[in-house]
Amino acid sequence: MTQQHSGEVLLAVNNLKTYFNTDDGVVRSVDGVTFHIKKGETLAVVGESGSGKSVTSLTVMRLIPMPPGQIAGGEILFTGKDGVQKNLVNVSEAEMRKIRGNDISMIFQEPMTSLNPVYTVGDQIAEAVMLHQGKTRKEAMDVATDMLRFVGIPAPEKRVHEYPHQMSGGMRQRVMIAMALSCKPALLIADEPTTALDVTIQAQILDLMRNLQKEVGMSILFITHNLGVVAEMADRVVVMYGGRVVEEGDVIEIFKAPRHPYTMGLLNSIPRPSEEEHAHVPGQPKKRLEAIPGNVPNPLTLPPGCTFEPRCKFALPQCSQGVPALEDTGGGHMARCIRWREFEAASPDRAHAVQHIGPGGEVNA
Amino acid sequence: MTTVTSTQTEKTNHAQSQWQVAWKQFRRNRLAQWGALGLILLYLSALFAPFLAQDSLSSYSTDNLVPNHPPTPIHWRDPAGEVSGPFVYRYTQQLNLDTFVNEYKPSDEKCPVRFFAKGDPYKLFGIIPMDRHLFGTENAECKVYLMGGDNLGRDFFTRIMYASQISLTIGVAAVFISYIIGAIMGSLAAFFGGWVDNVIMRLVEVLASIPDLFLIILLVALFPPNVNPLVRLYIVLGMLAFINWGGVARTVRGQLLAEREKDHVMAASALGASNGRVMFRHMLPSMTTLFIVNLSIAIPASILTESGLSFLGIGAVEPYASWGSLLNKAQEGGFSSFTDRPWVLIPGFFIVFTVLCWQLVGDGLRDAFDPRKRR
Amino acid sequence: MTTGPLLNSGPQTVPVAASRQNLLEVNNLQKYFPIRGGLMSRVVANVKAVNDVTFTVGKGEVVGLIGESGSGKTTAGRALLRLIEPTGGQVIFDGTDITRLSKPQMRDYRRQMQIIFQDPFASLNPRMTVSDIIGEAMQIHKLHPGKQRVDRIAELLQRVGLRPEHMGRYPHEFSGGQRQRIGIARALAVDPSFIVADEPVSALDVSIQAQVVNLIQDLQEELGLTVLFIAHDLHVVEYICDRMIVMYLGRIMEIAPSRELNRNPKHPYTEALLSASPIPDPTIKRQRIILEGDIPSPINPPSGCVFRTRCRYAIADCANIVPELREVAPDHFKACIRDDIL
Amino acid sequence: MLPFIIKRILASIPVLLLSSALIFFIIQAAPGDFLTPLKLSPVDTSAQVAALTKQFGLDKPVWQQYFIWLGNMLTGNLGLSFAYQQPVADIAFPRILNSIWLVLLNLVLFYPIAIALGVYGAVRQYSFGDKLSSVILYFLLGFPSFFLALIVIFLVLQVRFATGWDIPLNGMYSDNHDSLSAFGKFWDYLSHMLLPALVLTLISLAGFTRVLRGLMLDQLNADYVRTARSKGLSHNRVIYKHALRNAILPFVAGIGGLLPGLISGAGFVEVVFAYPGITPMLLNAITTQDLYLIAGFNMVTLFLLLIGNALSDILLAVVDPRIKYA
Amino acid sequence: DFVYPQAWSADPAASAKTGGELRTYTLSDFKTLNPFVSKEAESLPNSYFNLGAYLFTQDPRNDKFIPVMAASMPTVSNNGKRFVVKIRQGMKFSDGQAITADDWVSTLAIHKDDKVGSNSYDSFFINKKPVTVKKLDTYTLQFDFPTVDVSAYSKMSYTPWPDHVFGKAYRSGGAAAVTKLWPLNTPGSNIVVPGAWTLESFQAGQRVVLKKNTRFGEWNKDSAGKALPYLDRLSFRVIENQNAALAAYLAGQIDTFGPRNADDLAQIKRAIDGGNLKAELFANVGPQATSTWVVWNWNKSGDPFKQKIFRDVRFRRAMSHIANRKAMVQLTLGGLGTEVYSSVYPIFKNYTYASTPKYSYDLDQARKLLAQMGFTKKDKDGWLVDAQGRRLEFTLNTNSGNTVREQQGRIFADEAKKVGVKINFNPIDFNNLVDLMYEKGENRKFDSILLGFSGGTNYWPYSSNTVTCGGSLHAYNNPTNGACLTSQEQLITKLFNQGQQTLDDTKRRAIGEQLSKAMAELQPFVYLAGSNYHVSFNSRLGGEMPRNLWDAYYGSRLNVLTYIK
Ligand SMILES: Nc1ncnc2c1ncn2[C@@H]1O[C@H](COP(=O)(O)OP(=O)(O)OP(=O)(O)O)[C@@H](O)[C@H]1O
Ligand SMILES: Nc1ncnc2c1ncn2[C@@H]1O[C@H](COP(=O)(O)OP(=O)(O)OP(=O)(O)O)[C@@H](O)[C@H]1O
Ligand SMILES: [Mg+2]
Ligand SMILES: [Mg+2]
């Protein structure tokens with residue numbers, strides 16, 4: 001999975017803040033998010049529901065409804081097809097429209113509702129082609145047919161004239177992908193593209209995306225909360241919690257040597273059938289999953305310090321004092337925890353070993 | 001056992017029922033609040049109509065004929081410039097045979113305006129006998145015509161106040177009745193299904209296929225001729241209700257069928273709840289919001305229908321009046337109602353205002369109960 | 001290799017869990033949803049949501065029911081509780097065929113059989129407080145009258161990891177995981193012996209999923225509950241289930257003990273399902289079996305083996321023979337005519 | 001599609017019979033009949049009343065009259081109007097046509113305004129303009145139609161006096177209509193219908209606009225709108241091509257109701273404007289108990305309702321590809 | 001032969017211009033073109049196609065019948081029951097065919113066929129015996145009446161319809177063939193008329209244009225010898241709403257308008273004064289031939305107490321005393337109306353007499369009369385009761401939707417309250433009301449009804465069905481056998497029949513005086529008030545009658561003498 005990338009940064013998000021003014025107060029959905037994507041690379045963003053994954057991606061697309069939304073700060077530096085770097089926070093709406101669908105495309109979680117039910121899929125694909133590439137309707141329809149073929153839809157000449165409701169969920173997601181790729185974007189943002197699909201269909205789609213990326217060479221910002229999918233798709237991973245990036249790093253680093261308690265908790269709370277000790281042997285007491293206690297924080301009443309502090313079993317009193325910095329733990333691996341060094345020391349590559357670090361205490365290794 | 005307890009302490013001031021949430025939303029809607037205020041004032045004044053009005057429903061003099069008396073200015077200074085209590089002059093009327101317009105001239109006779117003046121006896125709320133009115137001159141020949149008079153010389157303000165009792169209640173009552181009928185029929189259809197459903201729904205279609213107004217006109221003629229005008233009004237009300245229940249039944253049926261599929265309803269049956277319990281505890285309550293919102297939109301519609309009936313002479317008849325029937329009199333007067341006695345148009349603006357208020361409130365309620373807005 | 005009849009109509013051999021006594025026996029359960037149309041709203045077709053499903057659940061056992069969306073899991077779960085009337089077949093609960101019971105008789109059985117729903121938002125009446133929701137069951141069955149009831153509700157809340165103060169609140173004030181706990185408390189309120197858990201964690205966040213799975217597991221062990229755990233994620237259920245049933249298009253494909261099923265799937269569908277679930281380990285590389293196409297319509301299921309249209313091992317016979325559920329290893333059943341694979 | 005429509009129409013036959021019977025029996029149950037006013041004539045008319053009663057079949061039992069009428073109906077004959085002594089179809093049809101023109105013009109005015117306002121209200125939710133337009137719409141909604149019509153006539157008369165412009169006040173065309181050119185004729189019709197159509201539009205605007213606004217709000221939050229935006233489409237294109245098209249769908253389903261609405265909808269406005277539509281004729285027929293005219297008209301309405309429903313099914317299938325007919 | 005006298009027009013015949021169009025309106029759509037089918041008072045065939053085509057007509061100067069189509073007044077024989085009429089020669093239908101005796105004969109035959117359902121059917125039967133006509137020769141007719149009849153001239157003056165159209169159809173296809181003729185979509189060229197106007201175009205519900213029948217002008221001339229009518233066209237807008245009609249008149253779109261009340265007058269006056277309308281306005285030209293009244297039901301065997309009261313003449317006189325007619329005129333008719341005390345409307349000046357008693361507004365008198373009946377005490381609510389404590393109370397119905405009647409009833413009830421009579425005033429549906437009143441029997445349902453009649457003739461303003469016992473509108477006393485209850489009723493019936501059979505005007509007027517007195521004393525109907533007749537027309541019209549001839553009976557102008565200035 002780890003390909004050799006040119007190392008050129010396509011998108012750099014620095015200290016991005018997106019707030020929503022609601023009746024009950026200001027929701028800081030994205031509160032100082034920083035990350036970057038290189039050309040041709042797949043960056044996965046994981047995190048719990050409400051952690052700000054979608055808002056981050058929508059902010060990059062400048063599709064946040066304003067009001068109530070508001071970009072409260074930060075920058076989004078993007079180098080488009082024309083090679084000019086722009087700060088997407090500042091560009092005009094007209095310019096942004098040229099970027100959307102052309103330089104950056106997006107596919108969404110709900111394939112069932114993300115397509116307009118009253119237009120044929122061909123129309124919907126051709127629409128963007130006509131807009132961005134100045135093609136005639138007929139040419140654009142040909143492009144649409146080609147794109148459908150490209151994403152593996154059988155009999156595309158026929159399907160191009162069909163309506164979304166005539167297709168299954170997996171097919172619709174393929175149509176979405178075809179639409180997103182129709183203008184050969186430099187960056188594809190995929191917001192949980194397989195969450196609503198069955199595993200067998202999910203496998204089809206993930207397979208498709210991987211193949212397409214190889215062919216087209218675009219970068220992918222892949223948003224999900226399924227760690228299995230992350231493991232399969234990503235080159236690098238950004239872990240978000242409570243509107244902030246809590247950890248960032250190479251996919252293997254993140255899975256093998258997490259430096260943030262939330263990442264560790266997440267990894268522990270999912271079943272790993274491949275690992276012997278997890279499996280249940282008849283006759284013996286069943287094994288248990290390790291759960292992160294507590295609830296996802298209410299975005300209106302985020303804790304003042306580390307947002308994970310109330311659920312963190314390693315929390316120290318100082319954790320609630322101030323927001324910990326996102327520190328580089330070496331090799332581009334970043335973590336937002338004041339105790340990351342202890343975790344690193346305790347276990348160079350196994351998250352599970354960290355269990356013997358006492359709650360709020362010293363490492364008793 | 002080791003249960004995972006949620007360690008996070010939630011704020012406890014969040015205990016809000018959906019009513020409280022709705023109320024909070026409603027409170028935010030300025031226009032709706034103005035509408036609600038307007039309605040409260042209207043209904044209060046209707047409740048106290050006999051007290052607010054200076055006369056009884058149909059009070060005029062046949063000695064001193066004052067058809068279409070204009071509004072009388074209330075004076076505070078007598079001609080000498082001295083400040084006195086409020087008073088009005090008595091007016092005399094003359095039909096100008098050149099222009100055919102009634103001309104009114106003030107006479108010298110001053111009639112002091114008193115508050116809590118004695119006047120025609122009435123029963124407040126239909127029970128408390130009283131004879132005090134908010135204001136009045138205690139002189140039948142020399143009244144305060146706040147909003148002018150009608151062609152018999154009856155105080156128009158008084159008529160409007162009494163008319164408000166009919167106009168404001170007939171719409172509400174008709175809608176309530178039609179909702180009750182509709183809810184019952186709709187529930188029966190949804191609950192029993194099969195031929196019951198079929199018959200009820202066909203009936204609804206039949207009712208819907210005949211234009212409303214014609215149906216009412218036809219139906220009203222069916223009823224016994226020699227009934228008291230008030231009973232007649234109730235009959236009209238019943239007819240109004242009768243033609244409208246179809247739509248309600250259809251909605252209720254649809255909603256109930258949808259509701260039946262909901263998980264929490266299924267959960268109740270899984271617990272072994274009886275059909276009645278499922279119906280009344282789990283299915284019908286979910287319709288309260290739908291009802292509240294629809295009611296607030298149906299009521300103004302039926303107020304308008306009533307005025308349409310008055311236009312056809314089917315609404316309130318002498319001595320009773322509704323805003324619609326008063327307005328119809330203005331309509332019969334044609335352009336003279338505009339040029340010679342514009343005050344007869346006032347009932348029209350009461351209708352407009354009431355409908356406006358109801359609509360604003362309806363809008364506010366719809367937004368307040370809108371699940372999209374609840375978080 | 002079986003050369004069975006063209007259509008399998010006779011009763012299947014009932015696969016019995018080796019050593020346990022059965023609490024629940026489901027025989028040839030069928031649920032068809034009629035599609036009405038035409039002038040007199042005649043039945044023009046049937047959605048064969050559950051078709052000839054036969055399995056058992058032993059006392060105290062946790063059985064997983066897995067399959068893709070639309071495979072009939074929910075329908076099977078509800079039909080065997082008679083929340084929807086089954087079209088055919090038998091459900092024998094504790095020795096009684098409950099499909100023959102009258103409605104009032106059935107009401108008593110409801111105490112013993114409960115259900116937890118997938119959607120924690122829709123399954124709680126938004127107009128009732130938590131204590132109303134949990135108390136309703138006791139009210140219906142006249143359990144714990146008077147003051148005791150409040151105590152019992154508080155106890156239940158604590159048991160599922162909520163606090164008694166939550167009693168007066170409304171569902172919308174809780175997070176998804178908490179609501180699911182309320183749903184569990186409601187099911188427990190009548191002291192059932194059998195619970196159908198219909199995808200209770202699918203709608204929850206990853207970090208919360210584990211909490212709820214653990215909770216159900218604890219309750220099951222402590223109270224000796226028998227559970228039919230419906231899920232679509234193989235990995236999650238493996239933890240909690242003793243045995244698993246794999247469904248596809250209204251039919252059972254395979255039944256086996258969890259570990260056995262995971263390691264040693266005998267049915268091509270199970271094999272594909274397993275290989276399709278991504279493994280959260282970036283270092284592991286696997287050869288994926290990617291199923292072509294989509295799950296067919298249950299109105300017109302393929303003839304013979306319903307899976308044959310997507311099966312890479314399909315042979316001509318698959319279109320003619322409805323495969324029986326056969327025991328291919330101890331306690332391991334599969335519905336596939338080919339023994340030469342896997 | 002065609003079999004589906006035929007089935008629908010067949011299924012409506014019971015409704016057709018029931019509602020005609022309902023109308024028939026209600027009229028019959030009410031006191032008086034077509035000849036009642038004749039009885040009031042100071043000249044002795046009893047012999048004539050008796051003769052006419054017989055001639056019109058008013059002496060037969062109600063159910064017999066109904067079946068006679070129904071029998072005629074089946075042969076496509078709506079019966080004779082008592083008052084006109086002419087086939088109901090012949091006299092009602094031109095009036096219905098007039099009403100249809102009026103309501104059509106109303107719709108031509110109504111939809112653009114209502115859609116524009118509805119979309120505006122949704123896009124600029126809670127803005128000052130949104131609030132102002134809703135207050136104005138509700139204000140207009142509150143006017144009983146006959147009242148607003150009279151106000152409009154009065155105002156136009158004043159304008160006429162003040163400016164001398166020949167603004168039509170009533171009727172459907174001018175006296176010199178026949179001598180006009182084709183375009184002149186068209187304009188003549190239009191100018192006569194404009195005011196009543198406008199009154200109709202004003203009073204009915206609120207309902208549709210507010211509902212459309214709500215539906216638009218739903219659609220604007222829909223996922224596919226987000227998709228459309230993410231393709232880089234312009235604001236207007238997203239709103240009018242994508243969102244509006246979906247928001248309008250529920251109304252397409254209601255278009256069937258428009259047809260009978262077309263012929264019975266203009267109501268009191270026709271009366272006050274002395275417009276030769278069907279309402280004045282029908283009100284007249286009801287007061288004079290012109291039985292066959294009323295029942296016949298009702299049948300026409302019903303037929304139109306049926307055709308309308310079938311039509312909206314077809315239309316809905318055209319605009320909403322999700323609809324399929326078994 | 002008849003020539004339209006100069007005296008019928010205020011303008012000299014020489015000044016009249018030929019041509020132009022008179023634009024007028026109709027409040028209710030014309031419903032038919034067939035003269036035998038039409039049921040309305042005003043219809044195209046019976047008001048316009050036949051205009052000027054009758055044997056005799058009344059001269060507005062003296063109310064006398066004069067020959068029009070007749071060559072001269074008839075020869076009367078058989079004690080006034082036989083009339084031999086010579087008709088003019090040279091008269092033609094619009095299709096050019098001569099009008100001859102055959103046309104009268106076949107027309108009457110059709111009218112008298114009950115299967116046709118002609119509106120004139122009744123007028124050709126007197127006491128169920130038919131009026132007959134015989135053709136003596138092509139230009140001579142002989143009418144035979146079963147009895148002497150005051151309206152003989154009027155009855156003979158029916159319009160002859162072309163025998164070659166209607167007669168032919170009748171002979172071949174009977175009544176059905178006749179009623180099928182001339183449906184609304186008949187083209188004007190197929191209409192054959194004897195009168196001044198024929199059809200040009202017909203747009204149902206919108207506009208009707210009539211054009212001059214040029215053949216009519218061949219036998220109808222003005223005093224200067226010019227062919228009539230002067231106008232080329234007569235157009236009607238159908239404006240089924242009074243306010244809309246007024247608006248059209250004010251806007252100058254129509255030439256004539258019948259103002260109903262002070263409101264209409266004020267609007268017209270305002271428009272004239274404001275220079276927006278050039279029109280003439282004459283208010284209060286005279287009373288209309290109409291009045292409202294209250295009637296009590298004498299046949300209430302189910303409620304002997306009420307029956308006794310209603311049958312008591314003192315009660316009815318008392319009721320007349322409480323009728324505040326002045327207030328009714330002022331308040332309900334806007335001051336422009338006439339108080340009415342008798343069944344003869346004030347417009348029929350020849351039949352109103354000083355000797356007829358009036359029971360005018362006088363509450364004291366009413367109290368006195370009621371006291372005589374035993375109503376001396378009042379109960380705790382202030383209502384009059386008799387010695388047994390029975391309340392003087394009854395219901396008064398009128399038709400709802402008629403504001404004038406509703407308010408007159410209100411005033412009536414409110415005045416009654418002042419003397420302690422409780423009237424439950426209750427407006428009800430019109431059809432219900434008529435059914436109540438029309439009912440025959442010993443125990444009829446209603447107590448009292450407020451309604452109005454209109455119409456009548458100026459040579460004998462009584463009609464048998466209201467005046468004579470057994471008449472269908474003898475609403476106060478209508479038992480099953482139709483017998484009179486009191487001697488006064490018998491007297492009234494007798495006087496009516498006498499008058500009805502008296503051809504001599506002076507003698508008839510004398511009988512009328514007795515009849516009027518008898519009726520007034522009995523007060524079976526208590527008459528209230530009637531509106532006044534106003535005239536307004538656009539100044540471009542000429543040819544109206546001299547001002548002194550105007551009244552609600554004859555109107556203000558003759559259609560054929562009207563011209564555009
Ligand atoms: N229009 C909005 N108004 C107010 N708050 C919003 C709005 N959109 C998003 N939010 C808030 O922003 C926060 C982040 O939401 P976001 O959708 O980015 O979460 P996510 O990480 O994508 O979650 P999921 O996995 O459920 O998609 C949430 O708390 C949400 O309530
Ligand atoms: N009430 C119903 N009427 C008609 N068809 C139904 C009904 N309920 C379910 N079905 C159909 O029955 C089939 C099985 O549905 P079911 O809900 O049992 O599947 P499931 O396995 O629970 O899927 P999921 O994972 O999506 O919950 C589906 O094709 C579904 O469309
Ligand atoms: Mg998201
Ligand atoms: Mg399911």
Side-chain angles (χ1 to χ4, degrees), chain D residues 30-33 36-52 54-56 81-87 90-91 94-95 98 150 153-154 156-157 160-162 164 166-175 177-178 270-277 280-281 284 287 289, chain E residues 21 23 28-29 31-32 34 37-40 114-115 117-119 121-123 125 128 179 183-185 201 203-207 209 235 237-241 243-245 247-248 250-251 253 271 274 276 429-432 434-438 451 453-456 463-466 471-473:
Chain D
D33 56 34
T36 302
L38 199 63
K39 296 175 185 168
L40 257 195
S41 158
V43 194
D44 187 4
T45 52
S46 42
Q48 196 195 349
V49 168
L52 287 174
K54 211 160 147 225
Q55 189 191 334
F56 293 163
S81 153
F82 296 156
Y84 290 80
Q85 283 298 293
Q86 307 264 325
D90 291 1
I91 53 171
R95 297 291 205 118
N98 292 347
L150 188 69
I153 295 182
F154 177 73
V156 169
L157 199 59
R160 250 187 102 112
F161 284 164
D166 185 24
I167 312 171
L169 291 164
N170 50 43
M172 202 176 162
Y173 48 66
S174 322
D175 289 350
H177 183 80
D178 289 337
E270 288 182 348
V271 176
V272 179
F273 274 98
Y275 184 85
M281 172 180 263
N284 237 332
T287 40
Q289 302 218 334
Chain E
E21 172 178 334
R23 303 159 308 162
S28 78
D29 197 4
K31 297 196 168 59
T32 178
N34 183 324
V37 164
S38 101
K39 301 275 178 296
E40 278 70 35
D114 60 356
K115 286 190 211 66
S118 156
N119 225 17
Y121 175 84
D122 287 299
S123 61
F125 291 86
K128 308 228 155 61
T179 51
L184 283 182
N185 52 9
S201 68
Q203 260 105 16
Q206 299 171 61
R207 189 157 181 262
V209 183
S235 68
R237 263 166 187 264
V238 182
I239 307 182
E240 291 173 295
N241 178 284
N243 287 328
L250 293 179
Q253 296 175 332
N276 295 314
D429 178 71
F430 180 74
N431 287 319
N432 273 319
V434 174
D435 276 10
L436 283 179
M437 192 173 78
Y438 213 61
L451 253 179
F453 286 147
S454 59
S463 66
S464 70
N465 62 339
T466 50
S472 59
L473 289 176

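Protein chains get the first letters and strands the later ones, always in sequence-line order, with residue 1 at the start of each.
Applying the side-chain contact (heavy atoms from CB on, under 4.5 Å) criterion to E:V37, with sequence neighbours excluded, gives D:Q85, E:T32, E:N34, E:T179. The side-chain contact (heavy atoms from CB on, under 4.5 Å) search around E:S28 returns E:K31, not counting sequence neighbours.
Of the listed residues (E:A245, E:S118, E:S201, E:S235), the greatest number of heavy-atom pairs within a distance under 4.5 Å of chain D belongs to E:S118. When the candidates E:R23, E:Q253, E:K115, E:E21 are compared by the number of heavy-atom contacts under 4.5 Å with chain D, E:Q253 comes out ahead.
Interatomic distance, CD of E:E240 versus CD of D:E270, reported as 10.0 Å (0.5 Å rounding). The distance from atom CD1 of D:I153 to atom CG of E:L250, rounded to the nearest 0.5 Å, is 11.5 Å. The line from CG of E:L184 to CG of D:D90 is 8.5 Å long, rounded to the nearest 0.5 Å. Note that CD of E:Q206 is 7.0 Å distant from OH of D:Y275, once rounded to the nearest 0.5 Å.
If you measure heavy-atom distances from E:D114 to chain D, the contacts under 4.5 Å come from both the backbone and the side chain.
In terms of heavy-atom proximity, E:I239 sits nearest to D:A274 at CG2-CB, 3.4 Å.
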